[in-house]
Amino acid sequence: MSNIFGKRTVVSTNSDKITTLIGSETSITGNIKSEGTLRIDGILNGGIETSGDVIIGENSVVTGDIKAANTVIAGRLNGNIDCSGTVSIGSSGKVFGDIKSYNLRIVEGAIIEGRCSIRNEDDHTVFLNSSKEPA
């Protein structure tokens, strides 16, 4: 991936500690709960809840909500993200849902359709690109 200055930008998490891998030839229906880092390169129809990180690979499709420490999106997500850390969306990433996190990184070319809210240090939420006030 490259940024506006033409330099290669890598959107990643600590992939050395991946505890679960769903391969590109795999399709799963159902929710996943995990304690570690999860990488999906296939198709998942279900939500993900982990105290670790979630990596959605470039050719993957996930339909369900994600609750994790950090999330990296290089594929397609049809669902909401709730992270206690950072959400990173690569140039091939597509998110169709709401995002809540403390940090948000978006690489040029990424597609987001939904509401983004960034929490501050006092756990208050700042809403981006929203004309509505929080409920």
Query raised in the report: Is a side-chain donor-acceptor pair under 3.5 Å present for Arg76 with Asn78?
Result: yes
**Report entry** Side chain Thr71, main chain Val87, donor-acceptor under 3.5 Å
**Finding:** no
Report summary line: Across all chains, not counting sequence neighbours, the side chain to side chain donor-acceptor pair (under 3.5 Å) partners of Thr50 are none
Requested in this report: Heavy atoms only: give me the nearest Ser117-Lys100 pair and the separation to one decimal.
Outcome: OG-CG, 3.1 Å
Counting only pairs under 3.5 Å, give me each side-chain donor-acceptor contact of residues 27-34, with atom names and distances, residues two or more places apart or in other chains.
unit_1 : atom_1 : unit_2 : atom_2 : d
Asn31  : OD1    : Gly47  : N      : 2.7
Ser34  : OG     : Gly36  : N      : 3.1

**Report entry** Same apolar cluster (I L V M F W Y, side chains within < 4.5 Å links), Leu104/Ile66
**Finding:** yes
Query - Ser51 to Ala69 - nearest heavy-atom pair and separation - result: O-CB, 3.5 Å
Requested in this report: Just jot down the side chain to side chain donor-acceptor pair (under 3.5 Å) partners of Glu25, sequence neighbours excluded, or say none.
Outcome: none
**Report entry** Residues forming a side chain to side chain contact (heavy atoms under 4.5 Å, CB included) with Ser60, sequence neighbours excluded
**Finding:** Ile40, Ile56
Report summary line: So CG of Asp53 and SG of Cys83: to nearest 0.5 Å the spacing works out to 8.0 Å
Query - salt bridge (charged side-chain N to carboxylate O under 4.0 Å, His left out) against Asp82, all qualifying residues, sequence neighbours excluded - result: Arg119
Report task. Test side-chain contact (heavy atoms from CB on, under 4.5 Å) on Asp65 and Lys67 and set out the steps. Result -> CA-CA 7 Å; Asp65 295 341; Lys67 185 170 185 174; over 6 Å; no
Query raised in the report: Given side chains that start at C-beta, do those of Ile81 and Ile73 come closer than 4.5 Å, heavy atoms only?
Result: yes
Query raised in the report: Is Ile43 reachable from Ile48 through a run of hydrophobic residues whose side-chain heavy atoms are each under 4.5 Å from the next?
Result: no
Query raised in the report: Under the 3.5 angstrom rule, does the side chain of Ser101 hit a backbone N or O of Thr86 as a donor-acceptor pair?
Result: no
Query raised in the report: Considering residues at least two apart in sequence or located in another chain, which fulfil the side chain to side chain contact (heavy atoms under 4.5 Å, CB included) criterion with Asp98?
Result: Asn80, Arg115
Query raised in the report: How many angstroms lie between OG in Ser91 and CD1 in Ile106, if you round to the nearest 0.5 Å?
Result: 12.5 Å
Query raised in the report: Is Leu21 reachable from Leu38 through a run of I, L, V, M, F, W or Y residues, each pair having side-chain heavy atoms under 4.5 Å apart?
Result: no
